[in-house]
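What follows is a set of notes on a single structure, which appears directly below.
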Amino acid sequence: MRVWFNHWFSSIYRNIELMKQSVLDLYVIGSCNNKDAVYQKVCDEWYEEPKLEDGRQYVDWCLNFCKEHSVEVFIPRRNFLAISCYKHEFEQIGVKVMVDENYILLKILNNKMETSSFFRNFLPNNCFVPDMYIANNLKEFKKYYDIIKSQGEKVCIKFAEDVGGASFRIIEEDEVGISVLNSKSGRRINYSQIESILGSADSFKSLIVMPLLTGSEISIDCLNTSNGFVAVPRYKEKGRVERIDFNEDILKRAKEVSDVLNIRHPFNLQYMYHRNKLYLLEVNTRMSGGVYLSSMSGVNLPALALRDLLELPVEIPSDLKSMRVTHVETGVILETL
């Protein structure tokens, strides 16, 4: 079975290993525009991607790549929105694609503000969506900042379209001093600094201004299969430690969201408690970076997702194990010089 992964996060290294644990005889093809991407070491073939603009041009390249390399299954991350839009063209050449065909829904879920608006109409009464405001210039930022501060909350910001929380910042009223070195680098910024940065441009891409949620964060890796729904909740603790806990209430909430979305392929829900209320933050419509941790519970989500895509029998384990997990770095030789 020839499976292709295009440009992914480095964590796909472990997901590929997990897929290989299924009964399938996998032949893995990988590609990336970073020639040193680590997951090349678990691929049977490896290619450096050309520099192309995302959109139709990249989709055409992917279609040709599938034909040239006899790809049977395509598991995309880069440009997955456009690939979703043209999924039928891959199916016409016999390629199964692990991405949902509901392009409109994926486009909504890829934008945090649109996700928030969408779920305000669907979430049950015991779950909430945080207040979010969109600023495209300094005047709008100041307006929404003042609204949130008047409610007695701290303020944080991030771009509406963001990957891995790269733009996330907590705004401090006081000057950020040496103590910032004791926390995650770059996460805190002083109000006068952000005011200066935003004021340096007449306008900027959509920036979310919202209250800072301070409670426990829960990441839930989910999959709908022909044999039912499976979800693995990971509660973030200090540092790298996470607690896998199959809490019935959290699983019920995840199922409610899943029923609304009706996504067949892997997705990830992000929740957070704040002032004893549970808030839904976002939905990632792909395998999360931490899904390999979830699989330590006995649920091999990448393998289940691949088997379900191929319409093979899927057996969901019943003896699910709760546990506390973490991870360590390990060296990988890219090449011998």
Side-chain angles (χ1 to χ4, degrees), residues 7 9 52-58 77-85 102-123 127-176 180 184-214 217 261 267-272 274 277 279-286:
H7 188 121
F9 305 124
L52 299 171
E53 292 292 328
D54 283 352
R56 183 70 226 199
Q57 184 185 35
Y58 184 75
R77 191 200 70 82
R78 178 185 173 187
N79 207 27
F80 76 94
L81 269 179
I83 290 167
S84 167
C85 187
N102 190 340
Y103 169 77
I104 294 175
L105 176 63
L106 295 191
K107 193 170 186 298
I108 290 171
L109 298 177
N110 197 47
N111 183 292
K112 293 173 178 58
M113 192 68 186
E114 292 182 17
T115 299
S116 174
S117 299
F118 175 82
F119 276 112
R120 286 183 192 280
N121 299 318
F122 295 110
L123 282 178
C127 192
F128 303 86
V129 176
D131 291 330
M132 295 184 182
Y133 305 94
I134 284 290
N136 293 108
N137 56 58
L138 179 59
K139 182 178 179 181
E140 290 175 346
F141 164 76
K142 287 184 172 181
K143 173 185 174 182
Y144 300 132
Y145 181 89
D146 289 341
I147 290 174
I148 296 170
K149 291 298 291 184
S150 69
Q151 298 169 348
E153 301 283 7
K154 269 194 168 185
V155 180
C156 63
I157 57 172
K158 58 186 174 183
F159 285 124
E161 295 186 11
D162 185 20
V163 177
S167 63
F168 175 76
R169 298 292 185 274
I170 300 169
I171 302 176
E172 301 285 0
E173 288 286 330
D174 300 325
E175 290 297 326
V176 176
V180 74
K184 287 186 177 180
S185 178
R187 292 296 188 183
R188 295 167 56 194
I189 191 168
N190 177 258
Y191 179 85
S192 61
Q193 291 175 303
I194 193 65
E195 183 181 34
S196 175
I197 292 169
L198 299 181
S200 65
D202 294 333
S203 63
F204 38 82
K205 64 182 182 179
S206 295
L207 184 74
I208 292 176
V209 187
M210 62 178 287
L212 175 66
L213 307 184
T214 57
E217 181 180 349
L261 298 177
F267 63 99
N268 173 267
L269 304 176
Q270 296 284 333
Y271 286 94
M272 183 171 282
H274 181 64
K277 291 183 179 180
Y279 290 85
L280 176 63
L281 299 181
E282 60 183 292
V283 180
N284 296 307
T285 53
R286 52 168 171 73

Checklist entry - With sequence neighbours left out, what residues match Asn284 under side-chain contact (heavy atoms from CB on, under 4.5 Å)? => result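 With neighbours one apart ignored, the set is Asn268, Gln270, Glu282, Arg286.
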
Item to check | Those residues that, when tested against Thr285, pass side-chain contact (heavy atoms from CB on, under 4.5 Å) (two or more places apart) | outcome: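 By the side-chain contact (heavy atoms from CB on, under 4.5 Å) rule, Thr285 matches Phe80, Leu106, Leu109, Ile263, Val283.
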
Checklist entry - Quick one: side-chain hydrogen bond (donor to acceptor under 3.5 Å, both in side chains) partners of Tyr58, sequence neighbours excluded? => result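 Tyr58 satisfies side-chain hydrogen bond (donor to acceptor under 3.5 Å, both in side chains) with Asn6, Glu49 only.
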
Do [X] and [Y] come close enough that some side-chain heavy atom pair is under 4.5 Å?
X      : Y      : value
Ile208 : Ile134 : yes
Tyr144 : Val155 : no
Ile189 : Ile170 : no
Lys158 : Arg169 : no

Keeping [X] on the side-chain end and [Y] on the backbone end, is there a donor-acceptor pair under 3.5 Å?
X      : Y      : answer
Ser116 : Val129 : no
Asn79  : Asp54  : no
Ser117 : Glu114 : no
Ser196 : Gln193 : no

To the nearest 0.5 Å, what is the distance between [atom1] ([X]) and [atom2] ([Y])?
X      : Y      : atom1 : atom2 : result
Leu138 : Leu198 : CG    : CG    : 6.0 Å
Leu280 : Arg120 : CG    : CZ    : 11.0 Å
Cys85  : Asn102 : SG    : CG    : 11.0 Å
Ile148 : Lys143 : CD1   : NZ    : 12.0 Å
Phe9   : Arg78  : CZ    : CZ    : 13.0 Å
Phe159 : Lys205 : CZ    : NZ    : 5.0 Å

Next on the checklist: Is the ring pair Phe128/Tyr279 parallel, tilted or perpendicular, if the boundaries are 30 and 60 degrees?
Outcome noted: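 Ring orientation, 0 to 90° scale: tilted.
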
Checklist entry - Who passes salt bridge (Lys or Arg N to Asp or Glu O under 4.0 Å) against Lys154, sequence neighbours left out? => result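 Per chain and number, Lys154 pairs via salt bridge (Lys or Arg N to Asp or Glu O under 4.0 Å) with Glu172.
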
Next on the checklist: Taking the ring of Tyr145 and the ring of Tyr191, is the distance between their centroids below 6.0 Å?
Outcome noted: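 Centroid distance Tyr191-Tyr145: below 6.0 Å, so yes.
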
Item to check | side chain to side chain donor-acceptor pair (under 3.5 Å): pairs with one or both residues in residues 127-142, sequence neighbours excluded | outcome: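 Non-adjacent pairs meeting side chain to side chain donor-acceptor pair (under 3.5 Å): Asn136-Ser206, Lys142-Glu195.
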
Checklist entry - With sequence neighbours left out, which residue pairs that include part of residues 103-113 fulfil the side chain to side chain donor-acceptor pair (under 3.5 Å) condition? => result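 Residue pairs with at least one partner in residues 103-113: there are none.
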
Next on the checklist: Does atom CD (Glu53) have a neighbourhood of more than 12 heavy atoms from anything else shown, all under 6.0 Å?
Outcome noted: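 Result for CD/Glu53: open.
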
Item to check | Other residues, nucleotides, ligands: >12 heavy atoms within 6.0 Å of Asp202 CG | outcome: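 Counting other residues, nucleotides and ligands, CG of Asp202 stays at 12 neighbours or fewer.
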
Checklist entry - If every non-hydrogen atom of Gly55 is compared with every non-hydrogen atom of Ala82, which pair is closest and at what distance? => result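 Looks like CA-CB, 4.2 Å.
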
Checklist entry - Yes or no on side-chain contact (heavy atoms from CB on, under 4.5 Å) for Met210 and Cys156, after CA distance, side-chain angles and deciding distance? => result CA-CA 6 Å; Met210 62 178 287; Cys156 63; 3.6 Å; yes

